**Student:** 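The structure's right below; bear with me while I get my questions together.
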Number of protein chains: 2
Amino acid sequence: MESPDRDASRTLDGRLGYLLVRAAMRVRQRYTAVLSVHGLLPNQHAILSRLNEIGPSHQKQLADRVGLDPGDIIAYLDGLYKAGYIHRDRDPADRRRQIVAVTPAGVDVLDIADRALDAMEEDTFASLAVAEKTSFAEQLARLSESLGR
Amino acid sequence: MESPDRDASRTLDGRLGYLLVRAAMRVRQRYTAVLSVHGLLPNQHAILSRLNEIGPSHQKQLADRVGLDPGDIIAYLDGLYKAGYIHRDRDPADRRRQIVAVTPAGVDVLDIADRALDAMEEDTFASLAVAEKTSFAEQLARLSESLGR
DNA sequence: TATTGTTATACTCTATAACTATA
DNA sequence: TATAGTTATAGAGTATAACAATA
């Protein structure tokens, strides 16, 4: 006789998804705390960082690359613009579009914030061995990739 | 001469924290979608599941075990109570306390929801090999542990 | 592009009641 | 007792974030 369908071994902590979401919540709290010192929200840091990587972009394109809703990115960009970290220019080739780019001040704050994040992450992931971090990162990237955007 | 402090290799996708949070976001979306079919929020499922594991508990104790704010758990419990999935009784030994317990209907919905989550998780984490899932889970658990409650 | 509204979640603050310890 | 301090629950308000609909 097989065991019944009600499986006592199916606990909350036995769920990969729950473990992932819970760990991420705690890490995100640390991101928020570190970045708030520099006046950035986590999503604003992601936008600034990605924009710095890919160069001047249209807002829609940028939203895609950061994985944010095109409607939601507006307010984040407004904040970055007011702080002088980005500028927005109409695309002369298509005047519906805005070309967004990081300013020198934006590069500066990104650099400072990134150093603070580096220190925080080193501490946060200290429980993982160096070799583990590599495979962990690779698995997370593979997972995000497979879950699509 | 060493490379300057401005490190071009420090990209967003090179951050373990960012990878973790982004993957978790996508997994949580799937949790939300699956559970909404059964009328449960992710936090309500976590509460119900944990309560089913540990048995009748005080609300504060339950909040601690699920990692939720004691103030926030109230509304979730209200919803579970209205749906008939839990009952709340005053603790005669300490009348400030409510003793919360899962009802038979709560066990039923938990069982059904868990089966749906099982199927979703199998699909969601299909990009990880079986052996990888084990180490991945262990690393996530270790991480949460080290980041405290 | 931009705005508006909704929902989920997390955090802070306050209020009430009931318990504990102590003078 | 009376008082002060603590704890459990409850509610209000705010902030971040994701999503949908629409202008």
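Order of the sequence lines sets the chain letters (A, B, ...), proteins ahead of strands, with each chain counted from 1. Only heavy atoms go into these numbers, but all of them, side chains included; no hydrogens, no water, no symmetry mates. Here the structure is a predicted model, which is why all the values come from computation and not from measurement.
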**Student:** What nucleotide, of C/dA10, D/dA17, D/dA18, holds the atom closest to the side chain of A/M25?
**Tutor:** C/dA10

**Student:** From the options D/dA17, C/dA8, C/dA10, select the nucleotide whose nearest atom is closest to the side chain of B/L41.
**Tutor:** C/dA8

**Student:** Just the rounded figure in Å: distance from P of D/dT7 to CG of B/D91.
**Tutor:** 17 Å

**Student:** Within this structure, what is the NE2-to-P distance between B/H58 and D/dA8, rounded to whole angstrom?
**Tutor:** 9 Å

**Student:** Hey, is the main chain of B/A46 close enough, under 3.5 Å, to the side chain of B/S49 for a donor-acceptor pair?
**Tutor:** no

**Student:** Counting distance alone, no hydrogens or angles: does the base of C/dT1 have a donor or acceptor under 3.5 Å from a partner atom on the side chain of A/R96?
**Tutor:** no

**Student:** From the set D/dA10, C/dT1, C/dT9, return the single nucleotide nearest to any side-chain atom of A/R97.
**Tutor:** C/dT1

**Student:** Could you tell me whether the side chain of A/L20 reaches within less than 4.5 Å of the side chain of A/R15, counting heavy atoms only?
**Tutor:** no

**Student:** Please give, in whole Å, the distance from D/dA8 C1' to B/L77 CG?
**Tutor:** 13 Å

**Student:** With a 4.0 Å limit, can you tell me whether A/Q44 has a side-chain N or O closer than that to the phosphate oxygens OP1/OP2 of D/dT16?
**Tutor:** no

**Student:** Grab the NE2-P distance between B/H45 and C/dA8 for me, whole Å please.
**Tutor:** 17 Å

**Student:** More 5' along DNA chain C: A/P70 or B/T32, using each one's nearest nucleotide?
**Tutor:** A/P70

**Student:** Do the side chain of A/T103 and the main chain of A/Y85 share a donor and acceptor less than 3.5 angstrom apart?
**Tutor:** yes

**Student:** If each of B/I74 and B/R28 is mapped to the nucleotide of DNA chain D with the nearest heavy atom, which maps nearer the 5' terminus, i.e. the 5' end?
**Tutor:** B/I74

**Student:** Can you check the B/D72 CG to C/dT7 C1' distance for me, whole Å?
**Tutor:** 15 Å

**Student:** Does B/R95 place a side-chain N or O at less than 4.0 Å from the phosphate oxygens OP1/OP2 of C/dT16?
**Tutor:** no

**Student:** Using whole Å, report how far CD1 of B/I47 lies from C1' of D/dT9.
**Tutor:** 14 Å

**Student:** Evaluate the side-chain proximity of B/V102 to B/H87: yes if any heavy-atom separation is below 4.5 Å, no if none is.
**Tutor:** no

**Student:** Considering just the side-chain nitrogens and oxygens of B/Q61, establish if one lies under 4.0 Å of OP1 or OP2 belonging to D/dA8.
**Tutor:** no

**Student:** Can you measure B/I73 atom CD1 to C/dA10 atom C1' for me and round it to whole angstrom units?
**Tutor:** 13 Å

**Student:** With nearest nucleotides of DNA chain C determined for B/D69 and B/Y76 from heavy-atom distances, which residue corresponds to the more 5′ nucleotide?
**Tutor:** B/Y76

**Student:** Side chain of B/Q98 only, heavy atoms from C-beta on: which candidate in C/dA2, C/dC19, D/dA10 is closest?
**Tutor:** D/dA10

**Student:** Has B/Q61 got a side-chain atom pairing as donor or acceptor with B/H58's backbone, closer than 3.5 angstrom?
**Tutor:** yes

**Student:** Would you indicate what B/D94 reaches in the nucleic acid, counting non-hydrogen atoms under 4.0 angstrom: base, sugar-phosphate, or nothing?
**Tutor:** sugar-phosphate

**Student:** State which of C/dT1, D/dA17, C/dT3 makes the closest approach to the side chain of A/K60.
**Tutor:** C/dT1

**Student:** Considering just the side-chain nitrogens and oxygens of A/Q29, establish if one lies under 4.0 Å of OP1 or OP2 belonging to D/dT16.
**Tutor:** no

**Student:** Could you give the CG-to-C1' distance, from B/L62 to D/dT7, as a whole number of Å?
**Tutor:** 17 Å

**Student:** Looking at A/Q98, is its backbone amide N or carbonyl O close enough to the side chain of A/Q59 to form a donor-acceptor pair, meaning the two atoms are under 3.5 Å apart?
**Tutor:** no

